[in-house]
Amino acid sequence: MSLPIDEHVNAVKTVVVPAAGLGTRFLPATKTVPKELLPVVDTPGIELIAAEAAELGATRLAIITAPNKAGVLAHFERSSELEETLMERGKTDQVEIIRRAADLIKAVPVTQDKPLGLGHAVGLAESVLDDDEDVVAVMLPDDLVLPTGVMERMAQVRAEFGGSVLCAVEVSEADVSKYGIFEIEADTKDSDVKKVKGMVEKPAIEDAPSRFAATGRYLLDRKIFDALRRITPGAGGELQLTDAIDLLIDEGHPVHIVIHQGKRHDLGNPGGYIPACVDFGLSHPVYGAQLKDAIKQILAEHEAAERITDDSQVK
Ligand code: UTP
């Protein structure tokens with residue numbers, strides 16, 4: 001039985017997880033393995049997102065997948081054969097581990113036949129929403145925003161101001177050209193919440209309206225689906241979610257950001273994925289201490305090799 005929306009914690013029933021992209025920055029691994037299933041230590045990124053969605057109080061994970069990425073949904077199904085084998089071998093802890101994804105939340109598949117963009121992917125999720133859902137959360141599975149809890153803060157902000165709420169992190173000036181950057185209303189308040197006037201995708205340093213960059217966490221009013229139907233393909237010929245949000249802002253829909261103070265890991269490319277694995281690995285109760293020693297040794301070896309190269313260049 002499904003709970004009415006006002007009985008859901010934070011009034012979010014569905015979290016949309018777009019996972020139908022090609023993952024080209026991770027080739028060749030993503031030729032056959034969906035990016036969302038790459039492990040952070042031992043747990044796929046999408047399971048970490050499912051845990052965050054469940055913590056928010058959502059009960060449905062609408063996973064947007066591509067026809068050739070069936071493994072993403074399979075991760076949220078029970079695997080009775082594997083469970084039986086593990087039981088026979090007395091590995092009950094591991095049975096719990098493999099059941100976790102299915103137990104966390106109900107995964108609902110939505111197929112995106114072609115990767116026509118994040119906006120297109122999110123738009124497809126409307127078909128699985130109930131009539132009483134006037135808000136939907138979107139969490140990108142390649143973005144880890146830590147510690148978790150920012151969505152709860154975003155839900156408080158929506159309860160206060162209405163409209164849609166996004167998450168931002170402050171990036172260095174040198175990094176603004178890598179992200180979607182928010183243009184915010186000038187205010188003097190020292191608050192973690194700002195009203196958004198617009199968004200610029202990957203601006204040059206001199207054109208950046210702020211240093212607040214979008215992360216993969218969105219709390220969107222249901223009006224987003226209507227806006228997504230009205231936009232045309234933008235950057236890269238894809239339907240962009242930010243264009244639909246921009247359209248809503250132009251039409252007077254309130255959009256705020258919550259400025260997150262914690263960590264963020266971008267699992268979408270090796271350069272962000274490797275530090276995420278190191279970070280999670282160092283905090284891991286089994287592997288942490290050993291990994292710390294291994295990293296120290298690897299660093300020492302690299303530094304020694306660099307010194308030899310530098311010395312030979314001086315000679
Ligand atoms: P990204 O641009 O980070 O993912 O999209 P990508 O397209 O898979 O990666 P690259 O650029 O080729 O390396 C952000 C999220 O949106 C999903 C992706 O799966 C990712 O989780 N997405 C993107 C879709 O579901 N459908 C799309 O058409 C595009």
Side-chain angles (χ1 to χ4, degrees), residues 14-40 43-53 61-76 107-128 136-145 151 166-169 171 175 177-181 199 201-202 213-218 220 224-225 228-229 231-245 264-276:
T14 305
V15 171
V16 179
V17 183
L22 294 176
T24 54
R25 286 166 296 163
F26 241 118
L27 285 168
T30 45
K31 185 176 165 192
T32 54
V33 181
K35 172 173 76 171
E36 299 75 17
L37 293 183
L38 295 176
V40 180
T43 305
I46 198 159
E47 187 173 320
L48 300 175
I49 295 293
E52 186 180 338
L61 202 65
I63 303 182
I64 320 294
T65 48
N68 64 343
K69 292 177 86 175
V72 176
L73 247 297
H75 186 72
F76 289 89
V108 179
V110 179
T111 305
Q112 186 187 31
D113 288 322
K114 290 205 174 92
L116 299 176
L118 178 58
H120 180 257
V122 171
L124 296 172
E126 190 180 18
S127 63
V128 304
V136 67
V138 175
M139 295 186 189
L140 300 192
D142 47 13
D143 225 336
L144 297 183
V145 180
M151 291 296 303
L166 282 61
C167 174
V169 288
V171 296
D175 276 347
S177 58
K178 295 183 192 162
Y179 299 102
I181 300 292
M199 271 190 89
E201 203 52 43
K202 302 187 175 74
T215 73
R217 297 291 179 276
Y218 308 78
L220 300 170
I224 194 69
F225 295 106
L228 284 165
R229 277 188 283 277
I231 56 165
T232 49
E238 297 186 341
L239 285 176
Q240 300 291 348
L241 183 59
T242 47
D243 288 347
I245 295 169
R264 181 211 189 172
H265 288 300
D266 179 359
L267 305 179
N269 68 87
Y273 175 81
I274 296 166

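Just so you know, ligand 1 is whichever comes first in the structure, and atom 1 is the first atom listed for that ligand. All residue numbers in this chain count up from 1 along the given sequence.
- Looking at Tyr273, its side chain does come within 3.5 Å of a backbone N or O of Pro39 through a donor-acceptor pair.
- Residue contacts with ligand 1: Lys35 is included, with a non-hydrogen atom under 4.0 Å away.
- Between the CD1 atom of Ile245 and the CG atom of Leu220 there is a distance of 5.5 Å, given to the nearest 0.5 Å.
- Protein heavy atom nearest atom 3 (O) of ligand 1, with residue, atom name and distance: Arg25 NH2, 2.9 Å.
- Of the protein's non-hydrogen atoms, the one nearest atom 22 (N) of ligand 1 is Gly21 N, 3.7 Å.
- When non-hydrogen atoms are compared, ligand 1 lies under 4.0 Å from the backbone of Leu116 (N, CA, C, O) but not from its side chain.
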- request: Under the side-chain hydrogen bond (donor to acceptor under 3.5 Å, both in side chains) rule, what do Gln112 and His120 come out as? Steps first, then yes or no, please.
  value: CA-CA 8 Å; Gln112 186 187 31; His120 180 257; 2.9 Å; yes

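- No donor-acceptor distance shorter than 3.5 angstrom exists from the side chain of Ser177 to the backbone of Lys202, with no hydrogens or angles considered.
- Residue Ala20 has at least one nitrogen or oxygen atom sitting less than 3.5 Å from a nitrogen or oxygen atom of ligand 1, judged on distance alone.
- Each of Asn269, Asp142, Thr30 was checked for a side-chain hydrogen bond (donor to acceptor under 3.5 Å, both in side chains) with Lys35, and the lone residue meeting it is Asp142.
- Ligand 1 is approached by Glu36 to a heavy-atom distance shorter than 4.0 Å.
- Shortest contact from atom 26 (N) of ligand 1 to any protein heavy atom: Gln112 OE1, 2.7 Å.
- Ligand 1 has no N or O atom lying under 3.5 Å from any N or O atom of Leu140, backbone or side chain.
- Atom 16 (O) of ligand 1 has Leu118 CD1, 3.5 Å as its closest protein atom, hydrogens excluded (heavy atom only).
- Here Arg217 does not pair with Asp143 in a salt bridge; the nearest charged N to carboxylate O distance is not below 4.0 Å.
- Geometrically, ligand 1 and Gly23 share a nitrogen or oxygen pair separated by less than 3.5 Å.
- Distance check on atom 5 (O) of ligand 1: every protein heavy atom falls at or beyond the 4.0 Å cut-off.
- A donor and an acceptor atom, one from each side chain of His75 and Glu47, are located under 3.5 Å apart.
- Using modelled atom types, one side-chain atom of Lys69 and one backbone atom of Ala19 make a donor-acceptor pair closer than 3.5 Å.
- Checked by atom type and distance alone, the side chain of Ser127 pairs as donor or acceptor with a backbone atom of Leu124 at under 3.5 Å.
- Of the polar atoms of Ala121, none of the N or O atoms is found under 3.5 Å from an N or O of ligand 1, judged by distance alone.
- When non-hydrogen atoms are compared, ligand 1 lies under 4.0 Å from neither the backbone nor the side chain of Lys114.
- Close N/O approach between Thr24 and ligand 1 is found [any backbone or side-chain N/O within under 3.5 Å].
- The closest non-hydrogen atom to atom 21 (O) of ligand 1, taken over Pro18, Gly216, Ala66, comes from Pro18.
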